[in-house]
Amino acid sequence: MVAITLPDGSVRTFEGSPNGAEIAQAIGAGLAKSALAMTLDGTLCDLSTPITRDAKVAIVTAKSVEALELMRHDAAHVMAQAVQELYPGTQVTIGPAIENGFYYDFARDTPFTLDDLPKIEARMKEIVARDLPIVREEWPRAKAIEHFKKIGEFYKAELIGAIPAGEVVTIYRQGDWLDLCRGPHLPSTGKLGTAFKLMKVAGAYWRGDSKNAMLSRIYGTAWANEKDLAAYLTMLEEAEKRDHRRLGREMDLFHFQEEAPGAAFWHPKGWTVFRTLVDYMRRRQEAAGYVEINTPEVMDRALWVTSGHWDTFRENMFFTQTEDERVFAIKPMNCPGGIQVFKQGIKSYRDLPLRMAEFGKVHRYEPSGALHGLMRVRAFTQDDAHIFCTLDEMEAECRQVVELILDIYKDFGFDSVRIKFSDRPAKRIGDDATWDKLEAALKGALDHMGHPYTLNPGEGAFYGPKLEFVLRDAIGRDWQCGTLQVDMNLTERFDVNYVAPDGAKHRPVMLHRALFGSLERFTGILIEHYAGRLPAWLAPVQAVVATITQEGDDFAREVETALRRAGLRVEADRRNEKIDLKVREHSLKKVPAILVVGKREAENRTVALRRLGGAKQEILALDQAIATLAREALPPDRVGTP
RNA sequence: GCCGGCUUAGCUCAGCAGGUAGAGCACCUGAUUUGUAAUCAGGCGGUCGCGGGUUCAAAUCCUGCAGCCGGCACCA
């Protein structure tokens, strides 16, 4: 006899050891039919799990939050079964549920192609229609290994071998197909429904290690119902429309071409956005007590041998050799250059903290497969800075950096920022006492601000702990942009020092920090975040003056000039075209404001202001329109200033 | 770098049982002077990514390379 406490607090008693299906049945036939799994004292498990002691039980149905992950996991299994029915000899490996769907990695001589997907999907639907009961079995480890080896599933056998001793090996059977799995699962394949779709094929290394064999992965998406599936597919289409590569072309911002893989050609409009960002950051940094420097892009190899980059990252660096056979490296980082500036002359503790910013363009020979529009390039500009300070000053400096980063992100509408703290890795330099101090200072800065952060144990750089700043964009994607790192490697290698009050030379603490990270990438993120509709202060063209007929031309010139004098980036469209066409074209270019000027406006010295995305117009006196637009075009750090 | 796919006019794409290229938009010209997301007509425009091969004949088949796209691995 066990007492089962249900979510509403009621308690029911059962003879023997009931399972979830029986409990659901006892509550009601409807629930029994829609039951997919249960939570047993908060842990998700199969409906068929017998309950041998008093417990809290909640029946999971398609409406439950837990259901989706369960269904996606089942979808992976059903796909694996479909694949093995259609392509005998294919080995199954791992197939988990993931965000929005699932995947399964298969081992196969000929990898799957897109053309295989419709067939597999059709077979999956067949398996769902068969409504095969999904049955959990516990197998002795040796038997399981033997079985999978016998049927040629060597990856599975390896997986079983890796299950810690003492843990139960569970097998899930659906029809005559079975798979090693921890579970839990739906009671039958029919419960999966048909709201799934196979999306793409991809290569993936066994166990995520590039030294291993490459498997053939199939990705799918799965939802509780057709409506959610359709909504997801629509969302993907919308996301595609805000792809910065597409918008970059449509808005004439930049391009890439074969001769310079991973390096952007910035067009006038795109460069305007880029420059506006740099100008903004420069003002913010000056206000925060930074000085700005600039260092050479091409420097002798020797410098990079000293810095350690030659040993560690040589393969990812660009080199150039001159007539005299001297080898230079194109800088992949700004820090060695910055250090050379610091090292000019003798620095006193009175010079510290010294905050040296550099908008440095760096080149890294990234693996070809990693390149992705502006998001991952081989040539990019960092909003870099190196802060040299004493150990005592460090915490305050870190805090100032964190405050600056968060404040700056807010200006772009990124209110949700996560901070990751990475502490000492196993392989590191420096003694533990120093690590203690550096980690404590970083942590202390965060704690004093009360900003939450997550811990990334052992993920710090070998030369020091670091913070990473992850922002979330308008459609919920996370981007890691800013970093703050403590470095006790380069200061040592380059023998950086300052004279302390005691008259002796001491090693300063060196902080590396970047807020946007890569200007190129940040621009790409902003384009996608705003779906191309950049706020007025960033928009490459802030206003277009469009005429209806020639009768508006003279006044349009006057409006254009006045707007330009007010500091706005403005274009005039006096073409002999219909206003519909002009509105359409400038709207597609995401110009935030269109000022229509016709005969009426010219006579009254007004403009008809139309906002991007809006269908309404506002008739304003010219002066009023200028004042309004000029105010709206102020960078966020200038709002409220005269 | 690895796996798969793709590469035809400025853009989006069609053409592929092999017979030396086509549409829409853009662009140019002309007409139209127009009131808030495409006015009409005409015209221009392509070494079919690059190299090699098969063939009487290759955009189409085979092959090498490059770039791009989707993943994986990588990201100082």
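As a basis for the values below, the full set of heavy atoms in this structure was taken, side chains included, without hydrogen atoms, waters or symmetry mates. Order of the sequence lines sets the chain letters (A, B, ...), proteins ahead of strands, with each chain counted from 1.
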What parts of residues 306-318 of chain A reach RNA chain B, counting only heavy atoms under 4.0 Å away? His309(A), Phe313(A), Asn316(A)
Flag for Thr90(A)-Arg108(A): side-chain donor and acceptor within less than 3.5 Å: yes
Starting at atom CG of Asp573(A), determine the distance to atom P of G35(B), rounded to an integer number of angstrom. 15 Å
Stems in RNA chain B: runs of 3 or more consecutive Watson-Crick or G-U pairs, distances under 3.5 Å? B:1-7 with B:66-72, B:10-13 with B:22-25, B:27-31 with B:39-43, B:49-53 with B:61-65
Which part of the nucleic acid, if any, lies within reach of Lys599(A) when heavy atoms closer than 4.0 Å are counted: base, sugar-phosphate only, or nothing? base
Does the distance from a Lys or Arg side-chain N to an Asp or Glu carboxylate O, for Arg376(A) and Glu520(A), drop under 4.0 Å? no
Roughly how far apart, to the nearest Å, are C72(B) and C16(B) at atom C1'? 32 Å
Starting at atom OH of Tyr365(A), determine the distance to atom P of A76(B), rounded to an integer number of angstrom. 18 Å
All N/O pairs under 3.5 Å across the protein-nucleotides 38-40 of chain B interface:
{"residue": "A38(B)", "atom": "N7", "partner": "Arg584(A)", "partner atom": "NE", "Å": "3.4"}
{"residue": "A38(B)", "atom": "N7", "partner": "Arg584(A)", "partner atom": "NH1", "Å": "3.3"}
{"residue": "A38(B)", "atom": "N7", "partner": "Arg584(A)", "partner atom": "NH2", "Å": "3.2"}
{"residue": "A38(B)", "atom": "N6", "partner": "Arg584(A)", "partner atom": "NH2", "Å": "2.7"}
{"residue": "A38(B)", "atom": "N1", "partner": "Arg584(A)", "partner atom": "NH2", "Å": "3.4"}
{"residue": "U39(B)", "atom": "O4", "partner": "Glu577(A)", "partner atom": "OE1", "Å": "3.4"}

Given the structure, check if the side chain of Glu601(A) and the base of G35(B) hold any donor-acceptor pair shorter than 3.5 Å. yes
Using atom types as modelled and distance alone, determine if a side-chain donor or acceptor of Asn456(A) lies under 3.5 Å from a backbone N or O of Glu459(A). no
Aromatic Phe462(A) / basic Lys427(A) pairing, under 6.0 angstrom, 45° off normal: no
Is there a donor-acceptor contact under 3.5 Å from the side chain of Arg245(A) to the main chain of Arg249(A)? no
Would you measure the distance from the C1' atom in A9(B) across to the matching atom in A14(B) and give it in whole Å? 13 Å
According to a strict under-4.0 Å criterion, is Arg610(A) in side-chain N/O contact with OP1 or OP2 of A37(B)? yes
Would you call Arg610(A) and Glu618(A) a salt bridge, taking side-chain N to carboxylate O under 4.0 Å as the test? no
For Lys156(A), check side chain to side chain donor-acceptor pair (under 3.5 Å) against everything at least two apart and list the hits. Tyr104(A), Asp179(A)
In a table with atom names and distances, give each donor-acceptor pair under 3.5 Å that connects a side chain of residues 587-598 of chain A to protein atoms at least two apart or in another chain.
{"residue": "Ser587(A)", "atom": "OG", "partner": "Val583(A)", "partner atom": "O", "Å": "2.6"}
{"residue": "Lys589(A)", "atom": "NZ", "partner": "Glu250(A)", "partner atom": "O", "Å": "3.1"}

In this structure, how many angstroms lie between the P atom of G71(B) and the OH atom of Tyr103(A), rounded? 14 Å
May I have the distance from Arg245(A) (atom CZ) to G67(B) (atom P), rounded to whole angstrom? 16 Å
Considering only NZ, NE, NH1 and NH2 on the basic side and carboxylate oxygens on the acidic side, decide whether Arg72(A) and Glu99(A) come within less than 4.0 Å. no
note: Arg378(A), atom CZ; C74(B), atom C1'; distance rounded to Å ~ 12 Å
Using the P atom as the reference point in each nucleotide, state the distance between U63(B) and U29(B) in Å, no decimals. 48 Å
What integer distance in Å separates Leu371(A):CG from C72(B):P? 15 Å
Check: Tyr409(A) ring centroid to Trp479(A) ring centroid under 6.0 Å: no
Can you tell which of G4(B), G35(B), A37(B) lies closest to the side chain of Pro111(A)? G4(B)
By side chain to side chain donor-acceptor pair (under 3.5 Å), which residues pair with Asp553(A), not counting sequence neighbours? none
Check each residue of residues 204-221 of chain A for a non-hydrogen atom within less than 4.0 Å of any atom in RNA chain B, then write out the ones that pass by number, or none. Ala204(A), Tyr205(A), Gly208(A), Ser210(A), Met214(A), Arg217(A), Tyr219(A)
Between Gly373(A) and Glu366(A), which residue's closest nucleotide on RNA chain B lies nearer the 5′ terminus? Gly373(A)
Where do Gly373(A) and Phe256(A) come nearest, in terms of heavy atoms and distance? O-CZ, 3.4 Å
Less than 4.0 angstrom from a charged side-chain N to a carboxylate O is my criterion; do Asp478(A) and Arg418(A) meet it? yes
Could you list all N or O pairs between the protein and nucleotides 7-16 of chain B that sit under 3.5 Å apart?
{"residue": "U12(B)", "atom": "OP1", "partner": "Arg249(A)", "partner atom": "NH2", "Å": "3.2"}

Could you check whether Trp304(A) and Thr306(A), counting side-chain N and O atoms only, form a donor-acceptor pair closer than 3.5 Å? no
Spacing between His386(A) atom NE2 and A76(B) atom P, to the nearest angstrom: 14 Å
Sequence-distant partners of Thr547(A), side chain to side chain donor-acceptor pair (under 3.5 Å), two or more places apart: Lys582(A)
Would you mind telling me which residue lines up with the more 5' stretch of RNA chain B, Ser368(A) or Arg364(A), judged by nearest nucleotide? Ser368(A)
In sequence, state the C-alpha distance, the side-chain angles, and the governing distance for Glu560(A) and Arg574(A), and then conclude on salt bridge (Lys or Arg N to Asp or Glu O under 4.0 Å). CA-CA 11 Å; Glu560(A) 182 192 357; Arg574(A) 289 184 299 270; 3.4 Å; yes
Categorize Leu588(A) for me: base, sugar-phosphate, or nothing, with a 4.0 angstrom heavy-atom threshold over every strand shown. base
Value for CE (Met251(A)) from CZ (Arg533(A)), rounded to nearest 0.5 Å, stands at 10.5 Å
Assign Phe462(A) to base, sugar-phosphate, or nothing according to its heavy-atom contacts below 4.0 angstrom with the strands shown. nothing
Of G4(B), A76(B), C74(B), the nucleotide closest to the side chain of Pro367(A) is C74(B)
What N/O pairs connect the protein and nucleotides 60-66 of chain B at under 3.5 Å? Give each pair on its own line.
{"residue": "A66(B)", "atom": "O2'", "partner": "Glu258(A)", "partner atom": "OE1", "Å": "3.2"}

Tell me whether the OP1 or OP2 atom of G71(B) has a side-chain N or O from His372(A) closer than 4.0 Å. no
Say whether, by atom type as modelled, one donor and one acceptor occur between the side chain of Gln485(A) and the main chain of Leu511(A) under 3.5 angstrom. no
Scan Ala461(A) against the nucleic acid and name what it touches under 4.0 Å (heavy atoms): base, sugar-phosphate only, or nothing. nothing
The side chain of Ile579(A) is closest to which nucleotide in this list: G4(B), A73(B), U36(B)? U36(B)
Check the distance between A76(B)'s P and Arg376(A)'s CZ and give it to me in whole angstrom. 8 Å
Aromatic Tyr103(A) / basic Arg217(A) pairing, under 6.0 angstrom, 45° off normal: yes
Using side chain to side chain donor-acceptor pair (under 3.5 Å) as the criterion, list what pairs up with Thr454(A), not counting sequence neighbours. none
Rounded C1' spacing from G49(B) to U60(B) in Å: 16 Å
Please list, chain by chain and in numerical order, all residues satisfying salt bridge (charged side-chain N to carboxylate O under 4.0 Å, His left out) with Lys119(A), sequence neighbours excluded. Asp116(A)
